[in-house]
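For reference, the structure discussed in these notes is given below.
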Amino acid sequence: MTATSQRSLALDIFRGMTVCFMIIVNTPGSETFAFSPLKHAGWHGFTPTDLVFPSFLFAVGNAMSFAMKKFESMPQATVLWKIFRRTLLIFLLGYLLYWFPFFHETEDGHWGLLPISHTRIMGVLERIALCYGIASLLIYYLSARAVLIISCCILIGYWIVLLVAGAAADPFSMTGNAGYLLDKWILGEGHMYHGEGVAFDPEGLLSTLPAVVNVVAGYFAGVFISRKGKEYEGLTKLLLWGCGLIFLALTWNMVFPINKKLWTSSFVLLTVGIDLVLISFLIYTIEFRGKK
């Protein structure tokens, strides 16, 4: 087995674990008897279930680290066409899933088209599409240093925006955060998620920006693994980065709570850190333990 295939195997296993866990948490059983780790945190806090979505975005970044190599030999117009087409298709699929089955029975017994005015616009697939598109453009056009600086600015800037533009009493509350206010203004309540009892979208517009950093982190992790993933020194650095980000996230949590539904910056650091630790374990198991 070649080095490339072994590296791909570790990332494939990581993606497979993410999808497997996603299926499990989406079918936990009845609400009464569901195992508590298979539920999302009510608001602030973290459960294993909260790791699924950011890990999927991290895996998207991993895959991009290989796809971007192919873009180097393509004309710019072709690259942009591929990025925008994929972004649009994924976003459209997510939107159509919320609009499906498109028709409903009216009060007078006839069938009519479901009103678009009450179709949710943002969602899981839509966030994946936007994060992929934004991260791809950043990585394609900018240097690695610039992308890292922008990522840091996004995380810090998001924190500042929530503090400044949110409700003075509690800027991190469900109906007092700046993302909620922005979604109501741009999308309207009819196009937002109502599963929380109010028109609040956990995949809102503003909170999609820090989610882009999960994809960027996955990309750089993939690049690093492809270069130094078979070396003990490289694996150690990957593990230390993961532990360091987890520590930083828990420290930041004291003033900027870890919150999946707000996709806070501390949540980004925590999930990226955990993903780095998990991938380090997988690489060690495949590359080193497998040779003994």
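From a predicted model like this one, the values you see are computed outputs, not experimental measurements. Numbering starts at 1 and runs along the sequence shown.
- Under a 3.5 Å cut-off, the side chain of D50 and the backbone N or O of T47 do form a donor-acceptor pair.
- E203 meets the salt bridge (Lys or Arg N to Asp or Glu O under 4.0 Å) test with R120, K260; sequence neighbours excluded.
- In summary, the aromatic rings of F200 and W43 are positioned with their centroids under 6.0 Å apart.
- Other residues, nucleotides and ligands place no more than 12 heavy atoms under 6.0 Å from the CZ atom of F281.
- Remark: E72 engages no residue in a salt bridge (Lys or Arg N to Asp or Glu O under 4.0 Å) (not counting sequence neighbours).
- Donor-acceptor pairing under 3.5 Å is recorded for the side chains of S55 and D275.
- Taking the six-membered ring for Trp and thresholds of 30 and 60 degrees, F14 and F58 have ring planes more than 60 degrees apart, a perpendicular arrangement.
- Qualifying ring pair (Phe, Tyr, Trp, His ring centres under 6.0 Å) partners for W241, counting only residues two or more places apart in sequence or in other chains: none.
- Within 6.0 Å of CZ on R85 lie more than 12 heavy atoms contributed by other residues, nucleotides or ligands.
- The closest side-chain heavy-atom distance from V198 to M174 is below 4.5 Å.
- Around CZ of F247, the count of heavy atoms belonging to other residues, nucleotides or ligands within 6.0 Å does not exceed 12.
- F91 CZ: more than 12 foreign heavy atoms inside a 6.0 Å radius.
- Classified by interplanar angle (parallel below 30°, tilted 30° to 60°, perpendicular above 60°), the ring pair W252/W159 is perpendicular.
- In this structure, a donor-acceptor pair under 3.5 Å is absent between the side chains of S136 and R86.
- Side chain of N253 to backbone of A249: no donor-acceptor contact under 3.5 angstrom is found.
- At least one donor-acceptor pair closer than 3.5 Å links the side chain of H191 to the backbone N or O of T119.
- Taking the ring centroids of Y158 and W263, they lie at or beyond the 6.0 Å cut-off.
- Side chains of I154 and I150 form a contact here, defined as non-hydrogen atoms less than 4.5 Å apart.
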Trace of the side-chain contact (heavy atoms from CB on, under 4.5 Å) decision for F56 with R15: CA-CA 7 Å; F56 195 89; R15 286 192 290 267; over 6 Å; no
Test side-chain contact (heavy atoms from CB on, under 4.5 Å) applied to F267 and N259, step by step: CA-CA 6 Å; F267 174 76; N259 188 310; 5.8 Å; no
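- Electrostatic pairing of K184 and E189 counts as a salt bridge here, judged by a charged N lying under 4.0 Å from a carboxylate O.
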Candidate pair F256 and L163, rule side-chain contact (heavy atoms from CB on, under 4.5 Å), full reasoning: CA-CA 9 Å; F256 193 17; L163 284 174; over 6 Å; no
